[in-house]
Amino acid sequence: MNIVVEGKAFIKNKIQQVCIGIENGRISKIAKILPKGEENYRFKKEIILPAGIDIHVHFREPGFTYKEDFSTGTISAAFGGISCIFDMPNTKPPTVTKKTTLDKIELAKKKAYIDFGLYTGITDENFEKIEDIAKYCNAFKIYLGSSTNTLLLDEKNLKEFFTIIEESSDKPIMIHAEDEKCLNEHKKIERNLTDHLRARPDLCEVKAIQNILKYRNKKNKIHICHVSSADSIELLKNKKDKTSIGVTPHHVIFSKNIKKKTLPDSFYKVNPPLRTEFDVETLREHLTDGFIDILESDHSPHTYEEKNVDFDEAPSGLPGVETMYPIFLFWSRKNLLPLHRIVSLLCKKPAEILNIKKGEIAEGKDADLIIVDMKNIQKIKTETLHYKCEWTPYEGMRAIFPRYTFVRGKPVIEDYTLVGKKGYGKQVKNNKDEQEL
Ligand SMILES: [Zn+2]
(Lines give C-alpha, C1' and ligand atoms only; values in the text may rest on other atoms or scores of the structure.)
Protein backbone atom coordinates (compact mmCIF):
# COMPACT_ATOMS: atom_id res chain seq x y z
CA MET A 1 0.00 0.00 0.00
CA ASN A 2 1.70 3.28 -0.85
CA ILE A 3 -0.76 5.64 0.86
CA VAL A 4 -3.14 5.09 3.77
CA VAL A 5 -5.79 7.64 4.79
CA GLU A 6 -7.46 6.95 8.11
CA GLY A 7 -10.54 8.59 9.61
CA LYS A 8 -14.31 8.90 9.51
CA ALA A 9 -15.28 8.39 5.88
CA PHE A 10 -18.56 8.57 4.00
CA ILE A 11 -18.96 5.06 2.61
CA LYS A 12 -22.20 3.46 1.40
CA ASN A 13 -24.29 6.34 2.69
CA LYS A 14 -22.90 6.41 6.19
CA ILE A 15 -19.94 7.73 8.10
CA GLN A 16 -17.60 4.91 9.16
CA GLN A 17 -14.21 4.81 10.87
CA VAL A 18 -11.89 3.17 8.31
CA CYS A 19 -8.48 3.01 6.70
CA ILE A 20 -8.42 3.74 2.96
CA GLY A 21 -5.51 2.06 1.20
CA ILE A 22 -4.37 3.65 -2.03
CA GLU A 23 -2.16 2.20 -4.74
CA ASN A 24 -1.26 3.92 -8.00
CA GLY A 25 -3.88 6.59 -7.42
CA ARG A 26 -6.73 4.15 -6.92
CA ILE A 27 -8.47 2.95 -3.76
CA SER A 28 -7.19 -0.61 -3.42
CA LYS A 29 -8.53 -1.60 -0.01
CA ILE A 30 -10.93 -0.27 2.61
CA ALA A 31 -10.75 -1.91 6.04
CA LYS A 32 -11.02 -1.15 9.74
CA ILE A 33 -7.28 -1.60 10.11
CA LEU A 34 -4.54 -1.58 7.48
CA PRO A 35 -0.76 -1.86 7.78
CA LYS A 36 1.12 1.45 7.50
CA GLY A 37 1.79 2.77 4.02
CA GLU A 38 4.73 4.77 2.72
CA GLU A 39 2.64 7.89 3.35
CA ASN A 40 0.04 8.00 6.11
CA TYR A 41 -2.68 10.50 6.92
CA ARG A 42 -4.81 10.32 10.04
CA PHE A 43 -7.77 12.63 10.53
CA LYS A 44 -9.54 12.83 13.87
CA LYS A 45 -12.03 15.69 13.87
CA GLU A 46 -12.63 15.93 10.12
CA ILE A 47 -14.74 13.75 7.84
CA ILE A 48 -13.55 12.18 4.60
CA LEU A 49 -15.86 12.60 1.61
CA PRO A 50 -15.49 11.81 -2.09
CA ALA A 51 -14.18 14.88 -3.97
CA GLY A 52 -16.72 16.58 -6.21
CA ILE A 53 -17.01 16.37 -9.98
CA ASP A 54 -18.17 19.50 -11.77
CA ILE A 55 -19.49 18.45 -15.15
CA HIS A 56 -20.12 22.00 -16.33
CA VAL A 57 -17.42 24.67 -16.39
CA HIS A 58 -16.25 27.26 -18.90
CA PHE A 59 -12.52 27.71 -18.28
CA ARG A 60 -12.31 30.02 -21.30
CA GLU A 61 -9.18 28.56 -22.83
CA PRO A 62 -8.25 29.00 -25.65
CA GLY A 63 -9.33 32.50 -26.61
CA PHE A 64 -10.57 34.20 -23.47
CA THR A 65 -7.77 33.54 -20.99
CA TYR A 66 -8.14 37.02 -19.49
CA LYS A 67 -11.37 35.64 -17.92
CA GLU A 68 -9.97 32.26 -16.71
CA ASP A 69 -7.62 29.53 -17.89
CA PHE A 70 -6.98 25.86 -17.13
CA SER A 71 -4.58 26.74 -14.30
CA THR A 72 -6.64 29.32 -12.43
CA GLY A 73 -9.81 27.33 -13.13
CA THR A 74 -8.48 24.03 -11.81
CA ILE A 75 -6.80 25.70 -8.80
CA SER A 76 -10.14 27.29 -7.90
CA ALA A 77 -11.88 23.95 -8.35
CA ALA A 78 -9.37 22.18 -6.08
CA PHE A 79 -9.86 24.78 -3.31
CA GLY A 80 -13.58 24.06 -3.64
CA GLY A 81 -13.16 20.30 -3.21
CA ILE A 82 -13.52 19.40 -6.89
CA SER A 83 -11.14 16.77 -8.31
CA CYS A 84 -12.40 16.67 -11.88
CA ILE A 85 -14.08 19.18 -14.20
CA PHE A 86 -15.62 18.93 -17.64
CA ASP A 87 -14.99 21.93 -19.87
CA MET A 88 -17.49 23.37 -22.34
CA PRO A 89 -16.73 23.99 -26.04
CA ASN A 90 -17.64 27.67 -26.50
CA THR A 91 -14.05 28.86 -26.57
CA LYS A 92 -12.16 30.66 -29.38
CA PRO A 93 -11.72 28.70 -31.59
CA PRO A 94 -14.73 26.63 -30.54
CA THR A 95 -14.14 22.95 -29.74
CA VAL A 96 -16.03 21.49 -32.67
CA THR A 97 -13.48 19.52 -34.73
CA LYS A 98 -10.97 16.76 -34.10
CA LYS A 99 -8.13 19.30 -34.24
CA THR A 100 -9.64 21.81 -31.82
CA THR A 101 -10.57 18.98 -29.45
CA LEU A 102 -7.03 17.53 -29.50
CA ASP A 103 -5.48 21.01 -29.18
CA LYS A 104 -7.58 21.72 -26.10
CA ILE A 105 -6.62 18.39 -24.53
CA GLU A 106 -2.94 19.34 -24.97
CA LEU A 107 -3.50 22.77 -23.44
CA ALA A 108 -5.36 21.38 -20.47
CA LYS A 109 -2.75 18.64 -19.89
CA LYS A 110 -0.02 21.25 -19.52
CA LYS A 111 -1.91 23.48 -17.12
CA ALA A 112 -4.44 21.47 -15.12
CA TYR A 113 -3.93 20.81 -11.38
CA ILE A 114 -6.85 18.35 -11.27
CA ASP A 115 -8.36 15.88 -13.73
CA PHE A 116 -10.51 17.02 -16.59
CA GLY A 117 -12.79 15.97 -19.41
CA LEU A 118 -13.81 17.88 -22.52
CA TYR A 119 -16.96 18.32 -24.54
CA THR A 120 -17.07 18.71 -28.29
CA GLY A 121 -19.82 21.07 -29.44
CA ILE A 122 -22.35 19.85 -31.97
CA THR A 123 -23.43 22.41 -34.56
CA ASP A 124 -25.32 22.52 -37.84
CA GLU A 125 -21.91 22.25 -39.60
CA ASN A 126 -20.36 19.25 -37.86
CA PHE A 127 -23.21 17.05 -36.67
CA GLU A 128 -22.93 14.63 -39.59
CA LYS A 129 -19.17 14.10 -39.16
CA ILE A 130 -19.21 13.42 -35.49
CA GLU A 131 -17.96 9.83 -35.62
CA ASP A 132 -14.44 11.16 -36.26
CA ILE A 133 -14.37 13.19 -33.07
CA ALA A 134 -16.31 10.91 -30.75
CA LYS A 135 -13.32 8.96 -29.50
CA TYR A 136 -11.35 12.04 -28.37
CA CYS A 137 -13.95 13.99 -26.42
CA ASN A 138 -15.62 12.76 -23.23
CA ALA A 139 -19.11 13.76 -24.32
CA PHE A 140 -21.02 16.16 -26.56
CA LYS A 141 -22.61 19.52 -25.92
CA ILE A 142 -25.57 20.95 -27.78
CA TYR A 143 -26.96 24.47 -27.51
CA LEU A 144 -30.56 24.68 -28.68
CA GLY A 145 -30.70 28.39 -27.83
CA SER A 146 -28.17 31.23 -27.99
CA SER A 147 -26.25 32.21 -24.91
CA THR A 148 -22.86 33.96 -24.80
CA ASN A 149 -20.49 32.84 -27.60
CA THR A 150 -22.52 29.77 -28.24
CA LEU A 151 -22.70 27.25 -30.98
CA LEU A 152 -26.15 26.39 -32.19
CA LEU A 153 -27.77 23.22 -33.41
CA ASP A 154 -31.04 23.83 -35.19
CA GLU A 155 -34.01 21.94 -33.85
CA LYS A 156 -34.52 20.37 -37.29
CA ASN A 157 -31.07 18.71 -37.13
CA LEU A 158 -31.55 17.39 -33.62
CA LYS A 159 -33.44 14.27 -34.63
CA GLU A 160 -30.84 13.30 -37.21
CA PHE A 161 -27.98 13.87 -34.77
CA PHE A 162 -29.64 11.67 -32.15
CA THR A 163 -29.83 8.88 -34.75
CA ILE A 164 -26.21 9.29 -35.84
CA ILE A 165 -25.07 9.12 -32.24
CA GLU A 166 -27.22 6.14 -31.42
CA GLU A 167 -25.47 4.21 -34.16
CA SER A 168 -21.91 5.40 -33.53
CA SER A 169 -21.22 6.30 -29.92
CA ASP A 170 -22.58 5.75 -26.44
CA LYS A 171 -21.13 9.01 -25.13
CA PRO A 172 -23.49 11.29 -23.27
CA ILE A 173 -25.10 14.32 -24.88
CA MET A 174 -25.34 17.40 -22.67
CA ILE A 175 -27.97 19.89 -23.77
CA HIS A 176 -28.57 23.58 -23.08
CA ALA A 177 -32.35 23.49 -23.35
CA GLU A 178 -33.75 26.86 -24.40
CA ASP A 179 -35.55 27.00 -27.74
CA GLU A 180 -33.96 29.52 -30.13
CA LYS A 181 -37.17 30.39 -32.01
CA CYS A 182 -38.95 31.01 -28.74
CA LEU A 183 -36.09 33.20 -27.46
CA ASN A 184 -36.18 35.27 -30.66
CA GLU A 185 -39.92 35.83 -30.27
CA HIS A 186 -39.41 37.24 -26.77
CA LYS A 187 -36.32 39.37 -27.44
CA LYS A 188 -36.47 42.90 -26.04
CA ILE A 189 -34.35 45.60 -24.44
CA GLU A 190 -33.46 44.46 -20.93
CA ARG A 191 -32.79 46.73 -17.98
CA ASN A 192 -32.84 44.28 -15.08
CA LEU A 193 -33.35 40.66 -13.98
CA THR A 194 -37.13 40.87 -14.40
CA ASP A 195 -36.72 41.94 -18.03
CA HIS A 196 -34.18 39.15 -18.57
CA LEU A 197 -36.68 36.59 -17.31
CA ARG A 198 -39.38 38.05 -19.59
CA ALA A 199 -37.00 37.77 -22.53
CA ARG A 200 -36.21 34.12 -21.71
CA PRO A 201 -39.45 32.73 -20.22
CA ASP A 202 -39.80 29.19 -18.88
CA LEU A 203 -41.90 28.49 -21.95
CA CYS A 204 -38.66 28.46 -24.03
CA GLU A 205 -37.05 25.90 -21.73
CA VAL A 206 -40.18 23.74 -21.80
CA LYS A 207 -40.34 23.93 -25.63
CA ALA A 208 -36.71 22.76 -25.95
CA ILE A 209 -37.22 19.88 -23.51
CA GLN A 210 -40.36 18.84 -25.41
CA ASN A 211 -38.30 18.63 -28.60
CA ILE A 212 -35.57 16.62 -26.90
CA LEU A 213 -38.11 14.13 -25.55
CA LYS A 214 -39.85 13.95 -28.93
CA TYR A 215 -36.74 13.31 -31.04
CA ARG A 216 -34.54 11.29 -28.72
CA ASN A 217 -33.81 7.67 -29.41
CA LYS A 218 -33.94 4.97 -26.79
CA LYS A 219 -30.21 4.46 -26.51
CA ASN A 220 -29.20 8.14 -26.40
CA LYS A 221 -27.75 9.13 -23.04
CA ILE A 222 -29.12 12.61 -22.56
CA HIS A 223 -28.35 15.08 -19.81
CA ILE A 224 -30.33 18.29 -19.60
CA CYS A 225 -28.08 20.99 -18.19
CA HIS A 226 -29.17 23.63 -15.69
CA VAL A 227 -32.91 22.91 -15.60
CA SER A 228 -34.33 26.06 -14.04
CA SER A 229 -38.13 26.08 -14.04
CA ALA A 230 -40.91 24.28 -12.19
CA ASP A 231 -42.73 23.72 -15.50
CA SER A 232 -39.74 21.86 -16.94
CA ILE A 233 -39.60 19.63 -13.87
CA GLU A 234 -43.31 18.92 -14.27
CA LEU A 235 -42.79 17.98 -17.92
CA LEU A 236 -39.90 15.66 -17.07
CA LYS A 237 -41.86 13.76 -14.45
CA ASN A 238 -42.75 10.29 -15.75
CA LYS A 239 -40.57 10.80 -18.83
CA LYS A 240 -37.24 10.72 -17.21
CA ASP A 241 -35.90 7.30 -18.17
CA LYS A 242 -32.30 7.72 -19.32
CA THR A 243 -32.58 11.50 -19.18
CA SER A 244 -30.59 13.01 -16.35
CA ILE A 245 -31.22 16.45 -14.91
CA GLY A 246 -28.70 18.98 -13.67
CA VAL A 247 -29.34 22.19 -11.78
CA THR A 248 -26.94 24.97 -10.82
CA PRO A 249 -26.29 26.43 -7.38
CA HIS A 250 -27.43 29.87 -8.56
CA HIS A 251 -30.86 28.60 -9.64
CA VAL A 252 -31.49 27.09 -6.21
CA ILE A 253 -30.02 30.03 -4.25
CA PHE A 254 -31.32 33.10 -6.10
CA SER A 255 -34.67 34.05 -7.60
CA LYS A 256 -34.85 37.17 -9.78
CA ASN A 257 -35.69 39.09 -6.58
CA ILE A 258 -32.36 38.60 -4.84
CA LYS A 259 -32.64 39.42 -1.16
CA LYS A 260 -29.15 40.47 -0.15
CA LYS A 261 -27.78 41.79 -3.40
CA THR A 262 -24.08 42.61 -3.20
CA LEU A 263 -23.66 43.59 -6.86
CA PRO A 264 -25.74 45.28 -9.60
CA ASP A 265 -28.29 43.16 -11.51
CA SER A 266 -26.00 42.75 -14.53
CA PHE A 267 -23.66 40.52 -12.47
CA TYR A 268 -26.49 38.03 -11.91
CA LYS A 269 -27.43 37.95 -15.61
CA VAL A 270 -27.19 34.31 -16.60
CA ASN A 271 -28.80 31.84 -19.00
CA PRO A 272 -31.19 30.26 -18.30
CA PRO A 273 -32.27 33.30 -16.26
CA LEU A 274 -32.89 33.48 -12.53
CA ARG A 275 -36.60 32.75 -12.17
CA THR A 276 -39.33 33.12 -9.54
CA GLU A 277 -39.33 32.10 -5.89
CA PHE A 278 -41.74 29.30 -6.79
CA ASP A 279 -39.22 27.89 -9.27
CA VAL A 280 -36.47 28.07 -6.65
CA GLU A 281 -38.65 26.26 -4.10
CA THR A 282 -39.57 23.55 -6.61
CA LEU A 283 -35.93 22.92 -7.52
CA ARG A 284 -34.94 22.73 -3.84
CA GLU A 285 -37.69 20.22 -3.16
CA HIS A 286 -36.41 17.98 -5.94
CA LEU A 287 -32.79 18.27 -4.86
CA THR A 288 -33.96 16.72 -1.62
CA ASP A 289 -36.28 14.02 -2.99
CA GLY A 290 -33.72 12.78 -5.53
CA PHE A 291 -35.57 13.69 -8.73
CA ILE A 292 -32.74 16.03 -9.70
CA ASP A 293 -29.62 14.00 -10.46
CA ILE A 294 -26.76 16.42 -10.15
CA LEU A 295 -25.51 19.88 -9.28
CA GLU A 296 -23.31 21.57 -11.89
CA SER A 297 -21.73 24.99 -11.35
CA ASP A 298 -21.92 26.31 -14.93
CA HIS A 299 -18.85 28.33 -13.87
CA SER A 300 -18.90 31.09 -16.53
CA PRO A 301 -16.58 33.89 -15.48
CA HIS A 302 -16.48 37.33 -17.05
CA THR A 303 -14.34 40.17 -15.68
CA TYR A 304 -15.74 42.75 -13.28
CA GLU A 305 -15.41 45.41 -15.99
CA GLU A 306 -17.30 43.31 -18.55
CA LYS A 307 -20.17 42.76 -16.10
CA ASN A 308 -20.20 46.28 -14.65
CA VAL A 309 -22.05 47.83 -17.63
CA ASP A 310 -25.68 48.50 -18.65
CA PHE A 311 -27.72 45.36 -18.11
CA ASP A 312 -28.52 44.96 -21.78
CA GLU A 313 -24.83 45.09 -22.74
CA ALA A 314 -23.55 42.69 -20.08
CA PRO A 315 -22.54 39.14 -21.03
CA SER A 316 -24.41 36.27 -19.33
CA GLY A 317 -22.74 33.96 -16.84
CA LEU A 318 -21.31 33.91 -13.34
CA PRO A 319 -18.47 32.09 -11.58
CA GLY A 320 -19.14 29.20 -9.17
CA VAL A 321 -16.75 26.23 -9.36
CA GLU A 322 -14.95 27.07 -6.09
CA THR A 323 -18.03 27.78 -3.98
CA MET A 324 -20.44 25.01 -5.05
CA TYR A 325 -19.42 22.10 -2.81
CA PRO A 326 -18.56 24.40 0.17
CA ILE A 327 -21.99 26.11 0.03
CA PHE A 328 -23.81 22.76 0.04
CA LEU A 329 -21.62 21.38 2.83
CA PHE A 330 -22.85 24.34 4.84
CA TRP A 331 -26.43 23.45 3.77
CA SER A 332 -25.87 19.99 5.19
CA ARG A 333 -24.66 21.47 8.48
CA LYS A 334 -27.84 23.58 8.57
CA ASN A 335 -30.01 20.54 7.72
CA LEU A 336 -31.18 22.18 4.50
CA LEU A 337 -30.07 19.15 2.46
CA PRO A 338 -28.87 15.78 3.81
CA LEU A 339 -25.21 14.91 3.33
CA HIS A 340 -26.01 11.72 1.39
CA ARG A 341 -27.93 13.80 -1.17
CA ILE A 342 -25.05 16.27 -1.51
CA VAL A 343 -22.57 13.45 -2.13
CA SER A 344 -24.91 11.89 -4.68
CA LEU A 345 -25.53 15.23 -6.46
CA LEU A 346 -21.89 16.30 -6.55
CA CYS A 347 -19.89 13.07 -6.71
CA LYS A 348 -21.67 9.78 -7.37
CA LYS A 349 -24.19 10.74 -10.05
CA PRO A 350 -21.85 12.98 -12.08
CA ALA A 351 -19.39 10.05 -12.24
CA GLU A 352 -22.18 7.71 -13.37
CA ILE A 353 -23.41 10.12 -16.04
CA LEU A 354 -19.91 10.65 -17.46
CA ASN A 355 -19.06 6.99 -16.89
CA ILE A 356 -15.80 7.51 -14.98
CA LYS A 357 -14.17 5.73 -12.04
CA LYS A 358 -14.56 8.51 -9.51
CA GLY A 359 -17.19 9.95 -7.19
CA GLU A 360 -17.28 7.28 -4.48
CA ILE A 361 -15.07 6.01 -1.70
CA ALA A 362 -14.98 2.42 -2.91
CA GLU A 363 -12.36 -0.10 -3.98
CA GLY A 364 -11.38 0.35 -7.63
CA LYS A 365 -12.28 4.06 -7.77
CA ASP A 366 -9.76 6.88 -8.07
CA ALA A 367 -8.61 8.09 -4.66
CA ASP A 368 -10.25 11.51 -5.03
CA LEU A 369 -11.08 12.63 -1.51
CA ILE A 370 -11.76 15.75 0.46
CA ILE A 371 -11.14 16.22 4.15
CA VAL A 372 -13.66 18.51 5.78
CA ASP A 373 -13.88 20.08 9.21
CA MET A 374 -17.65 20.61 9.41
CA LYS A 375 -17.19 23.13 12.24
CA ASN A 376 -14.93 25.42 10.23
CA ILE A 377 -17.58 27.70 8.73
CA GLN A 378 -16.25 30.60 6.71
CA LYS A 379 -17.73 33.57 4.91
CA ILE A 380 -17.18 33.60 1.15
CA LYS A 381 -14.99 36.54 0.19
CA THR A 382 -13.76 37.49 -3.27
CA GLU A 383 -10.22 38.05 -1.94
CA THR A 384 -9.90 34.47 -0.74
CA LEU A 385 -11.18 32.87 -3.96
CA HIS A 386 -8.85 32.06 -6.86
CA TYR A 387 -10.75 33.15 -9.95
CA LYS A 388 -9.24 35.51 -12.49
CA CYS A 389 -12.50 37.46 -12.65
CA GLU A 390 -12.20 38.61 -9.02
CA TRP A 391 -15.85 38.65 -8.03
CA THR A 392 -18.44 36.21 -6.75
CA PRO A 393 -22.23 36.40 -6.60
CA TYR A 394 -22.05 34.57 -3.25
CA GLU A 395 -20.10 37.27 -1.36
CA GLY A 396 -20.72 37.04 2.38
CA MET A 397 -22.52 33.68 2.30
CA ARG A 398 -21.39 30.95 4.62
CA ALA A 399 -19.59 27.86 3.37
CA ILE A 400 -17.35 24.99 4.48
CA PHE A 401 -14.17 24.68 2.42
CA PRO A 402 -12.14 21.44 2.48
CA ARG A 403 -8.90 21.25 4.42
CA TYR A 404 -7.49 18.75 1.90
CA THR A 405 -8.37 17.83 -1.67
CA PHE A 406 -6.77 14.61 -2.90
CA VAL A 407 -6.67 13.76 -6.60
CA ARG A 408 -5.62 10.18 -7.36
CA GLY A 409 -4.11 9.85 -3.89
CA LYS A 410 -2.05 13.06 -4.01
CA PRO A 411 -2.98 16.17 -2.09
CA VAL A 412 -3.57 19.15 -4.37
CA ILE A 413 -4.80 21.18 -1.39
CA GLU A 414 -3.17 20.54 2.00
CA ASP A 415 -4.12 22.50 5.12
CA TYR A 416 -6.11 24.94 2.99
CA THR A 417 -2.99 25.62 0.88
CA LEU A 418 -2.19 24.75 -2.72
CA VAL A 419 0.50 22.05 -2.92
CA GLY A 420 -0.48 20.47 -6.24
CA LYS A 421 1.52 20.75 -9.43
CA LYS A 422 0.63 22.33 -12.72
CA GLY A 423 0.23 19.61 -15.32
CA TYR A 424 -0.71 16.90 -12.81
CA GLY A 425 -4.26 16.75 -14.16
CA LYS A 426 -5.10 14.06 -16.71
CA GLN A 427 -7.95 13.67 -19.12
CA VAL A 428 -10.37 11.13 -17.66
CA LYS A 429 -11.39 8.22 -19.82
CA ASN A 430 -14.79 6.70 -19.67
CA ASN A 431 -14.88 3.16 -18.31
CA LYS A 432 -15.40 1.61 -21.72
CA ASP A 433 -12.50 3.45 -23.39
CA GLU A 434 -10.26 2.38 -20.56
CA GLN A 435 -11.03 -1.29 -21.13
CA GLU A 436 -10.16 -0.92 -24.78
CA LEU A 437 -6.67 0.39 -24.01
ZN1 LIG B 1 -22.68 26.55 -19.53
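Quick note: numbers below take in every heavy atom, side chains included, and nothing from hydrogens, waters or symmetry partners. Order of appearance sets the numbers: ligands from 1, and atoms from 1 within every ligand.
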So, of the N/O/S atoms that Asp298 has, which is the nearest one to the Zn ion (ligand 1)? OD1

Between Lys219 and Glu167, does any side-chain N to carboxylate O distance fall below 4.0 Å? no

Does Asp54 reach the side chain of Glu296, with side-chain heavy atoms less than 4.5 Å apart? yes

Looking at the Zn ion (ligand 1), is there an N, O or S atom belonging to His56 that lies under 2.8 Å away from it? yes

Interatomic spacing from CD in Glu395 to CZ in Phe267 - rounded to 0.5 Å: 11.5 Å

Please determine whether a side-chain nitrogen of the Lys or Arg among Lys99 and Asp103 lies less than 4.0 Å from a carboxylate oxygen of the Asp or Glu. yes

N/O/S of His58 less than 2.8 Å from the Zn ion (ligand 1)? yes

